[in-house]
Amino acid sequence: MSSDPELPAMLGGPAIRPEGPPVWPQFDADVQAALADAIATGTWGQYHGPNVCALEEELAEFHEVPHAITCASGTLAVEVALRALRVGPGDEVVMAAYDYESNFLTIHALGAKPVLIDVHPHNWQLDETKLESAFTPQTKAAICSHLHGGIIPIRSVMEVARKHNVGVVEDAAQAPGATVEGKPAGTWGDVGTLSFGGSKLLTAGRGGALLFRDAQLYQRAKTWLHRGLQQWAPMSELQAAVLRPQLRKLNEATRRRSENANRLFASLRGAGPGLKEFASVSDGCSPAYYKVGFQYDPSAFGLPRELFVKALRAEGIAFDVGFKAVHVGRSPSRFCAVGELTHALDAHERCVMLHHPVLSGSLADVQQVAEALEKVHRAAVGGVQFG
Ligand SMILES: *Cc1c(COP(=O)(O)O)cnc(C)c1O
């Protein structure tokens, strides 16, 4: 290994963060205590212990809604949400062309057709001004996902959707703990969905939940998940047990991540035009930063996107490319596109995201991210050949 501190780690130089990105989940003494309690009381192996019920109550309370249901995954939660909104064969469901792929596939799984609209150019979140032109008499629902630290203008979404009698699934899998105009993300839509997958901010390895204000939608979801004596594809007692202490600390964790994300944005402003944070969300919104999305400009930064990600990972910083736009590489017979999907394609090509665990750390952790970005940028514009 060369000792030249300027040599990128990808080329054999010393990494900014030799130990690599922080692991996730991080050790949590409260989770350990919850597990010990599950062992001591035997709830770890029970069908019906106290934890699932308690978690559902606590999720409802945290989100200030009357009803919450837990289930096996965030993907299932979106499916159940669409079913509660009575989406079925022949119906249309509107979504952004830049979104989580399984949302697209779930619409197909119900025999419905995805109708794709573009995203905003400045933050690659669903463009609510495109909704109205996408609605037809077949439109049953819209899926709106807050992605990569961005927040959808969900109040406007709800106004347009109400006017046309279209149900809204607000996918808050990437935004637990975020608020919009003081109200929790996931509570603006007719149904809100959460994920507790292994990388998520609240994690049990697997798991999901639905949030409802409306008692009838809640009942329909419950009924659909019901098979005889119990729910199929449920969350286990053990999953619920480890989630409860995390939920209790979520607001504190969100504050810390936001503070660190803002420190990172501030330190990046001096590091060239190649990496732009998502345009700040409207007043009164506070994001949750499951991932921090950036608009990456390969020519300004000096590297193709794939090499940027590789170079930063070699420095020990967990960057990744963003989602694939759902219409790219798919037969046009599988969706209907409304208007140009220019910005979704741009997001497909240029989105990079930083994984959240480093934002739960200290100021020094955040400074390492900025340092690694500056180092790789200096090398790239200095003519170092990365590959
Ligand atoms: C992770 C995620 C989901 C689904 O979560 P699973 O629990 O992994 O099924 C849905 N939507 C978005 C936006 C996600 O990031």
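Both counts, for ligands and for their atoms, begin at 1 and track the order of listing. All values below were derived from every heavy atom in this structure, side-chain atoms included, with hydrogens, water molecules and symmetry-related copies excluded.
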message: Aromatic contact between Phe323 and Tyr100, with the criterion being ring centroids under 6.0 Å apart: yes or no?
response: yes
query: Is there a path of hydrophobic side-chain contacts, each under 4.5 Å between heavy atoms of I, L, V, M, F, W or Y residues, that connects Ile154 with Val169?
result: no
query: Taking the inter-plane angle between the rings of Phe301 and Phe308 on a 0 to 90° scale, is it parallel (under 30°), tilted (30 to 60°) or perpendicular (over 60°)?
result: perpendicular
task: Please determine if Lys310 and Glu315 form a salt bridge, counting it only when a charged side-chain N lies under 4.0 Å from a carboxylate O.
output: no
- prompt: What closest approach, in Å, do Tyr98 and Leu147 show between heavy atoms, and which atom pair accounts for it?
  reply: O-CD1, 3.7 Å
- line: In terms of heavy-atom contacts, Leu126 and Met95 come closest through CD1-C, 4.3 Å
statement: Under 4.0 Å from ligand 1, residues with heavy atoms, in chain and number order, are Ser73, Gly74, Thr75, Tyr100, Leu147, Asp171, Ala173, Gln174, Ser195, Lys200, Gly207
